[in-house]
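A quick write-up on the structure given underneath.
These numbers come from the heavy atoms of this one structure, side chains and all, not from hydrogens, waters or symmetry mates. Worth saying up front: this structure is predicted, and the values here are computed from it rather than measured. Numbers here simply count residues along the sequence, with the first being 1.
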Amino acid sequence: MRPALRKPKEAFGWWALAVSLVFVVFIMLPVVSVFASTSMVEILASFRKPIVVEALRLSAVTTVISTVIVVALGLPLAYTLARTRFWGREIIDTLVDLPMVLPPSVAGVALLMAFGRRGLLGQYLAAWGINITFTAVAVVMAQVFVAGPFFIRSARAGFAQVDPFLEQASLTLGKSRGQTFWRITLPLSFPSLLGGVVMAWARALGEFGATIMFAGNLPGRTQTLPLAVYTAMESDLEAALAISALMIGLSFGVLLAVRWLTRSGIGRRYEQEKSHA
């Protein structure tokens, strides 16, 4: 049974509440300032500008593709890390999380040194006439690199919370490992998986540093929404504010959705299914 939550003044005192309020205001003020500096009419008008339309289209396409790749490659890896113990597991686990703490510019340089025309692998691709840098493919690769850990961490936690006894019981009843995974493991860990997908997509949408280093900032080709903000700040403040407002709204919505998925609604329903299984 969980202990009852205390009121802020009982748990920390008024001084802690005041300090907390200062930090909340510090975070809230820049966000509110973006919306206060423009109007809904100006935001909607800016969405008709080519720089916004092209960046929005490219971001929509590349983030969907990168999220699909992250799920396809990350799902088996997350399950392996959650369910098996082997030599070097901690090293692999650390490598998977590494893009989360790398500076974005360093991530871009690393991708360039690996897949660029003179990179470790890129030089062999270039010999076959395959050039990845400064293309939409490079945008997707940068997004996969930085967004992958967010999905894998969430999926790994979801798989780890599934009782192995339920999987073993399914196997003893004659179900294959594949059937057990799809009918037992996946449904019970679905809230965490879905939360990971949403977070990975949001991280891909906000990727800037690795993209500009590896894919460049070419309008209509590699210029995603964050790069469009960077470019628009030099000549079109209204467009920059419109894109910023859009991304703030999307990010806030994503965070709310993840919290809802993990704490209520779908999460509660699957917890009930788990308890009845």
Side-chain angles (χ1 to χ4, degrees), residues 50-75 77-78 91-153 196-235 239-240 243-244 246-247 250-251 254:
I51 186 175
V52 180
V53 173
E54 292 176 354
L56 185 60
R57 175 189 57 80
L58 182 65
S59 289
V61 173
T62 56
T63 53
V64 169
I65 294 174
S66 61
T67 302
V68 170
I69 294 174
V70 164
V71 174
L73 299 180
L75 196 66
L77 177 57
I91 296 177
I92 294 177
D93 206 9
T94 303
L95 284 173
V96 169
D97 290 342
L98 186 60
M100 297 181 68
V101 297
L102 277 180
S105 57
V106 174
V109 170
L111 288 168
L112 192 62
M113 292 299 99
F115 301 103
R117 184 170 296 180
R118 297 183 181 179
L120 193 62
L121 180 61
Q123 58 182 323
Y124 300 105
L125 296 176
W128 288 89
I130 301 175
N131 183 31
I132 296 176
T133 53
F134 306 110
T135 65
V137 175
V139 175
V140 172
M141 292 176 66
Q143 291 174 351
V144 170
F145 186 82
V146 300
F150 288 84
F151 171 75
I152 295 174
R153 283 176 65 90
V197 169
V198 175
M199 289 297 293
W201 176 82
R203 180 63 186 89
L205 181 66
E207 164 50 34
F208 175 84
T211 303
I212 199 171
M213 294 291 293
F214 183 44
N217 186 17
L218 305 177
R221 291 182 56 188
T222 64
Q223 190 178 83
T224 56
L225 286 173
L227 297 179
V229 173
Y230 177 76
T231 302
M233 282 296 295
E234 300 178 355
S235 58
I243 302 173
S244 299
L246 173 64
M247 298 196 67
L250 287 174
S251 300
V254 163

Heavy-atom closest pair (L111 atom, A142 atom, distance to 0.1 Å) is CD1-CA, 3.7 Å
What I want to check is whether the side chains of Q143 and T62 have a donor and an acceptor closer together than 3.5 Å. yes
Nearest 0.5 angstrom please: I92 CD1 to D97 CG, how far? 12.0 Å
Distance from M247 atom CE to L56 atom CG, nearest 0.5 Å? 10.0 Å
If every non-hydrogen atom of T135 is compared with every non-hydrogen atom of N131, which pair is closest and at what distance? CG2-O, 3.8 Å
Taking F134's backbone N and O only, do any of them form a donor-acceptor pair with R221's side chain (distance below 3.5 Å, no angle check)? yes
Side-chain donor or acceptor of S66 paired with backbone N/O of T63 under 3.5 Å: yes
Any donor-acceptor N/O pair, T222 side chain to G216 backbone, under 3.5 Å: yes
Measuring from atom CZ of F145 to atom CG of L102, what distance do you get when rounded to the nearest 0.5 angstrom? 6.0 Å
V61, L218, T224 screened by side-chain contact (heavy atoms from CB on, under 4.5 Å) with V139, the one that passes: T224
Measure across V96 and P149 and return the closest heavy-atom pair with its distance rounded to 0.1 Å. O-CG, 3.0 Å
Pairs touching residues 199-223 that satisfy ring pair (Phe, Tyr, Trp, His ring centres under 6.0 Å), sequence neighbours left out: F208-Y230
How long is the gap from CE on M141 to OG1 on T133, to the nearest 0.5 Å? 10.0 Å
Do S59 and L205 have side chains that approach each other closer than 4.5 Å (heavy atoms only, starting at C-beta)? yes
Residues M100, R153; criterion side-chain contact (heavy atoms from CB on, under 4.5 Å); working and verdict: CA-CA 11 Å; M100 297 181 68; R153 283 176 65 90; 3.2 Å; yes
Look up atom CZ in R117 and atom CD in Q123, then write down how far apart they are to the nearest 0.5 Å. 12.5 Å
Backbone N/O of A210 and side chain of E207: donor-acceptor pair under 3.5 Å: yes
Spacing of L77 atom CG and I152 atom CD1 [to the nearest 0.5 Å]: 4.5 Å
Does the side chain of F151 come within less than 4.5 Å of L75's, by heavy atoms? yes
Check whether more than 12 heavy atoms from other residues, nucleotides or ligands sit under 6.0 Å from atom CE of M233, and answer yes or no. no
Do the side chains of L225 and V229 get nearer than 4.5 Å, heavy atoms only? no
Show the nearest heavy-atom pair for residues S244 and A240, with the distance to one decimal. OG-O, 2.7 Å
Quick one: do the N217 and T231 side chains pair a donor with an acceptor below 3.5 Å? yes
Determine, step by step, whether V146 and R203 satisfy the side-chain contact (heavy atoms from CB on, under 4.5 Å) criterion, reporting the C-alpha distance in whole Å, the side-chain angles of both residues, the deciding distance to 0.1 Å, and the verdict. CA-CA 7 Å; V146 300; R203 180 63 186 89; 3.9 Å; yes
